[in-house]
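Here's the structure we're looking at; comments come further down.
All values below come from the heavy atoms of this structure, side chains included, with hydrogens, waters and symmetry mates left out.
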Amino acid sequence: MKNIFSYLKLFKMERILLSSLTILMNIHISFSQTSTLDSLMKQAINFSYNEEYDEAIMSLEKLLRLDPNNAYAYGELGNVYYLQEEFEDAISYYHKCIKLDSSAYPIIMNLGNAYIDSDKLDSAIAVHKFLISKDSTNADHYIDLGDAYQKKEDLAQAELNFKKAIQINPYNCLAHFNLGTIYGIQNKYKEAVDELFLLRNMYGYFPNLQNQFYQILMKSDSEFEDWVEKEPNNSEAHYYYSFYLYYDDDREEAVDELKEAISLNSNEERYYLLKSIWLWNLGDNEQVISDCEKCLELNPHSWKCHNSIARNYADMNDFPKAIEYLKKSVEIDSLVIESHYQLGQYYHINKEYQKAVDELKKSINLGDKSPWVYYYLAFAYYKIDDFKMAMHNVVMAKNRDALLHKLTEVAKSDIDWLIDKLNQNINR
C-alpha cells in the first residue's frame, strides 16, 4: 500500500530544510545573543543536509546548553531524527518546540508528517486539519492530509484532498502524482493515466514517475485491450491502449494504436502529442515534426506540443530551432518546470551561458529537484566565471544524485572534473 511514501524522502528533506531555513531567517531577528547560536544552527542544518546526523545532533545539543529554551533548536532536532526515520524522537522534539513557540507552523507541519510515518493517523489528520484552518490556501497542507487519509485507506478523502491541492496550485507535481496513484489504487485507470501523463509533460524527472506509470498500467492488465475489442471504432480506447502497449515494450504496436485513434478522430491534439513522444523515443524525427505541427494546428497554444517539437529539434542538433519553440512554450505558460529546464539546457549547449543560468534558476524556483538541473547550472556558472555559484550547484547535483541516482556515469565524471577545476580556481 505504501509505495507512494517510500520515495518521498527527497520531498520530506526539502520540506524539512525549508522549515529549517525559515527558522534560520527568524534567528537573525529573535536571537539577542552573539552569533554563536546562529553559527551552531547553520552547522546543524549543513550537517543534516549532508546526512551527518550525529554531528548535527551534537551542534544542536551544544546550542541548547547555551540556550535551553530555544524552540528552533528543538524543532531542528526533531527534523534530524525525522530524517533518520526515528519518528517517536522526532515527535517528542517537535512537541518541545511547539510548546515554546505555538506559531512554529513549519514544525507543526513536520509533526503531522511524523505522525503519518509512525501510523498515528488520527493525530496526523487532526494536525493537518488544524494547519488548513490557519491557512486554507497552502496546497501542501491538503497533500499531507491526503497522505494521512491514503495511509488510513480512506481513498475518497485522500482523492478529495489531492484534488483540492491541485485546485489551489495546478502546477503542484506531487499532488498530481498522488492523485494518479490514488486513481490507480481505485482501478480508475483512465484517470490515472491522464494525471501521470500530465505530470510527465510538466516535470519528466519527477521521482518514481515512470515506475508508477508502469505499475498502474500493468495492473490494468487487459482492461484497455478488452475496451478496444468491444469498441473498435472508439478512438479513446485505442489511445489508452497505446499506453499499455508502450509500457509493456510493444512500442511499434503502441504507435499503430495511435495511428488507429487518429484515423477514427483526427481532431484530438493529445493523440498527435502522444504519438510524437513515442516516435521521438523510437528515433523517427521526421514524423515527430509532422505530428507536432498537426498538434499545433489544432491548438497553437499547446505548450506540450511546443516542448515536444523542441526536444525533437534538439535531438537533431538544431538547438536554435529548439530554443525558438521553447521560448514560445514559456510565453504560453511560464509556470511549467520542464519548459524552463529544457530551455536552460539548450541555451547551455548553444553556449548562451547567462541565459542558461536564468532559465535553470527559474526551473529550480518552480520546484525542480532533479540533479540534472544543478549539473547544467554548475557548468553554466563555471563558463561565466562565477566559481562560487558553480561549486554550490555542483555540490547540489551530487547531493541530489545521492538520493535519486539519476546522473549518468559520464555526468558523474564531469562533476568530479569540475570540482577539481573549481578548487584550483577558488584556491588561487
Over 12 non-hydrogen atoms of neighbours within 6.0 angstrom of NZ in Lys412: yes
Within-4.5 Å side-chain heavy-atom neighbours: Leu131 and Asn138: no
Test: Glu331 and Lys327 ion pair at under 4.0 Å: no
Under 3.5 Å donor-acceptor, Asp291 side chain and Lys275 backbone: no
Sub-4.5 Å side-chain heavy-atom contact between Asn281 and Tyr246: yes
Straight-line distance of His340 NE2 to Asp368 CG, nearest 0.5 Å: 11.0 Å
Ring geometry between Tyr240 and Trp227 (parallel below 30°, tilted from 30 to 60°, perpendicular above 60°): parallel
N/O donor-acceptor pair under 3.5 Å between His238 side chain and Val228 backbone: no
Criterion ring pair (Phe, Tyr, Trp, His ring centres under 6.0 Å) against Tyr341, the qualifying member of Tyr203, Tyr205, Tyr375, Trp372: Tyr205
Heavy-atom side-chain contact between Ile107 and Asp101 under 4.5 Å: no
Inter-residue atom distance Glu297.CD - Ser266.OG, 0.5 Å rounding: 10.5 Å
Main-chain N/O of Asn285 paired to Asn312 side chain as donor or acceptor, under 3.5 Å: yes
Residue Phe130 excluded, over 12 heavy atoms near CZ under 6.0 Å: yes
is_close_aromatic(Phe213, Tyr247), centroid dist under 6.0 Å: yes
Side-chain (Glu338) to main-chain (Gly204) donor-acceptor, under 3.5 angstrom: yes
Test applied, side chain to side chain contact (heavy atoms under 4.5 Å, CB included); reference residue, Val288; option that passes from Trp280, Trp278, Tyr272, Tyr313: Trp280
Aromatic centroids of Tyr353 and Tyr347 separated by under 6.0 Å: no
Distance (rounded to the nearest 0.5 Å) between Asn161 CG and His141 NE2: 12.5 Å
Ionic contact status for Glu352 with Lys355, cut-off 4.0 Å: yes
Approximate separation, where rounding is to 0.5 Å, of Leu296 CG and Lys304 NZ: 12.5 Å
Working for salt bridge (charged side-chain N to carboxylate O under 4.0 Å, His left out), residues Glu195 and Lys163: CA-CA 11 Å; Glu195 284 299 321; Lys163 285 180 175 178; over 6 Å; no
Ring centroid separation Phe197 to Phe243 under 6.0 Å: yes
Main-chain N/O of Lys361 paired with Asn365 side-chain donor or acceptor, under 3.5 Å: yes
Donor-acceptor contact below 3.5 Å, side chain Ser220 vs main chain Glu223: no
Heavy-atom donor-acceptor pair, Lys328 side chain to His306 backbone, under 3.5 Å: no
Single hit among Tyr115, Phe87, Tyr93 for ring pair (Phe, Tyr, Trp, His ring centres under 6.0 Å) with Tyr82: Phe87
Approximate separation, where rounding is to 0.5 Å, of Gln186 CD and Glu159 CD: 4.5 Å
Separation of Lys406 NZ from Arg400 CZ (nearest 0.5 Å): 14.0 Å
Exercise: do Asn79 and Glu76 side chains pair donor with acceptor under 3.5 Å: yes
Asn187 versus Tyr189, side-chain donor and acceptor atoms under 3.5 Å: yes
Flag side-chain contact, heavy atom, 4.5 Å: Lys321 against Tyr325: yes
Side-chain touch Arg311/Tyr346, heavy atoms, less than 4.5 angstrom: yes
NZ (Lys383) with more than 12 external heavy atoms under 6.0 Å: no
Side-chain donor-acceptor contact under 3.5 Å, Tyr271 with Glu236: yes
Parallel, tilted or perpendicular: rings of Tyr382 and Trp417 (30°, 60°): perpendicular
Expected output: side-chain Asn393 to main-chain Met389 donor-acceptor under 3.5 Å: yes
Closest non-hydrogen atom pair between Val80 and Ser48, with its separation: CG2-OG, 3.2 Å
Heavy atoms from other residues, nucleotides or ligands near NZ of Lys134 exceed 12 (cutoff 6.0 Å): no
Where Cys173 and Ile337 come nearest, the two heavy atoms and their spacing: SG-CD1, 4.1 Å
Note, Thr181 side chain near Gln212 side chain (heavy atom, < 4.5 Å): yes
